[in-house]
Amino acid sequence: MVDIPLVDLKGQHQEIAAGVEEGFRRVCADAAFILGREVTAFEDEFARFSRVEHCIGVANGTDALELALRAVDVGAGDEVILPTNSFIASALAVVRAGATPVLVDCDPVHQLIDPAAVQARLGPRTRVIMPVHLFGQMAPMEALQALARDAGCMLVEDAAQAQGAIRNGTGAGGFGEAAGTSFYPGKNLGAYGDAGAVLTRSPRIADRVRALRNYGSAVKYHHPERGFNSRLDALQAVVLRAKLPKLAGWNAARRAAAGRYDALLADVGAVTRPATLAGNQHVWHLYVVRVPRRDAVVQRLNAAGIGAGVHYPTPIHLQGAFADLGHRPGAFPVAEAAAREILSLPLFPGITTAQQERVVGALRTALG
Ligand SMILES: Cc1ncc(COP(=O)(O)O)c(C=O)c1O
């Protein structure tokens with residue numbers, strides 16, 4: 001029985017239930033189930049929130065990344081450099097766009113893509129560097145921008161875990177040609193099903209994604225290219241619109257909770273606390289510590305009713321799905337060491353100090 005969950009979606013629903021029900025009634029009254037007013041309104045609101053000019057709602061985060069890559073003309077023969085320590089969808093989006101993923105290691109402190117590792121893999125076929133804004137903080141974008149500029153390639157950001165994250169005043173999608181984000185229910189801004197979006201400063205890329213998500217059509221029944229059916233659902237847009245006005249407050253509550261964990265864990269010698277890269281406003285999608293004998297610790301925490309998790313236990317290069325890339329264990333030692341030690345503690349906007357004290361108490365016991 002889990003009594004402190006990793007994320008608490010039930011509690012969050014109570015805060016917005018009335019707005020969601022009212023919005024569902026609006027959609028049903030208009031029978032505007034595909035695209036329409038709610039989707040457009042959400043796109044405008046989320047673009048403003050994200051400090052990026054254009055937002056295009058799509059069916060999920062994996063599609064968002066694929067369509068962002070396709071919209072910048074990535075395809076067969078192109079290489080996309082991305083970190084191996086991400087959710088598998090980052091790499092799946094690359095292959096679905098027809099390109100080849102080139103995996104690289106992360107830095108040992110923040111577990112963000114390592115610019116030096118990127119530099120070492122730049123080559124004549126590199127079209128895109130795709131950093132992942134992991135756990136709620138942005139990758140070292142200035143260094144990556146400089147590398148991309150020198151190499152003549154582009155940046156497409158995986159912002160699935162970073163809604164509201166800011167780096168030196170710029171949001172995800174503001175550094176690169178485009179960013180893809182996910183509104184999977186457990187994300188900082190989560191829908192009630194699958195949903196995602198592309199963010200971009202470029203009106204040209206925005207138009208291209210708008211067509212690609214809609215069968216490759218900007219004008220009804222006119223299809224100059226092959227597209228997809230990957231539209232943000234109108235009912236999901238209602239949920240996202242109901243939540244968005246609360247997101248800044250929820251992210252601030254996550255930040256406060258992360259600060260409380262930092263204080264509670266300060267004297268727990270076996271635990272390495274997460275670090276924030278200078279210049280980042282972290283939105284704490286996950287609070288990820290490192291501990292020895294992690295699997296046993298997770299088991300003990302779960303047995304004590306604490307919904308601790310691991311994001312992610314196996315780096316992409318060691319997944320069967322990407323065996324064809326030919327990487328062996330030891331290929332990316334920093335990410336592999338992290339994968340053995342990382343542990344995500346329960347973190348959600350409504351988590352109480354008492355709950356966090358219980359989590360840390362149970363963690364001390366689990367560490368023996
Ligand atoms: C880093 C990262 N990239 C991509 C995705 C894919 O998003 P979705 O599940 O909405 O397809 C996710 C989340 O699931 C993610 O965490």
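Atoms within a ligand are numbered from 1 in the order they appear, just like the ligands themselves.
- There is no side-chain donor-acceptor pair under 3.5 Å between His133 and Gln161.
- Under the rule for a ring pair (Phe, Tyr, Trp, His ring centres under 6.0 Å), the partners of Tyr312 that lie at least two apart in sequence or sit in another chain are Phe87.
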Which pairs of N or O atoms, one from ligand 1 and one from the protein, are separated by less than 3.5 Å, and what is the distance for each pair?
from	atom 1	to	atom 2	distance (Å)
ligand 1	3 (N)	Asp158	OD1	3.3
ligand 1	3 (N)	Asp158	OD2	2.8
ligand 1	7 (O)	Ser182	OG	3.3
ligand 1	10 (O)	Gly61	N	2.7
ligand 1	10 (O)	Ser182	OG	2.7
ligand 1	11 (O)	Gly61	N	3.3
ligand 1	11 (O)	Thr62	N	2.9
ligand 1	11 (O)	Thr62	OG1	2.5
ligand 1	14 (O)	Lys187	NZ	3.4
ligand 1	16 (O)	Gln161	NE2	3.0
ligand 1	16 (O)	Lys187	NZ	3.1

Return all side-chain donor-acceptor pairs below 3.5 angstrom for residues 269-277, not counting sequence neighbours, or 'none' if the list is empty.
from	atom 1	to	atom 2	distance (Å)
Arg273	NH1	Asp262	O	3.0

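- Screening Thr62, Asp158, Asn85 for a side-chain hydrogen bond (donor to acceptor under 3.5 Å, both in side chains) with Ser90, the sole residue that qualifies is Asp158.
- Side-chain contact, Glu53 with Thr200: no donor N or O sits under 3.5 Å from an acceptor N or O.
- Here ring pair (Phe, Tyr, Trp, His ring centres under 6.0 Å) pairs that include residues 329-368, with residues two or more places apart or in two chains, are His317-Phe332, His327-Phe332.
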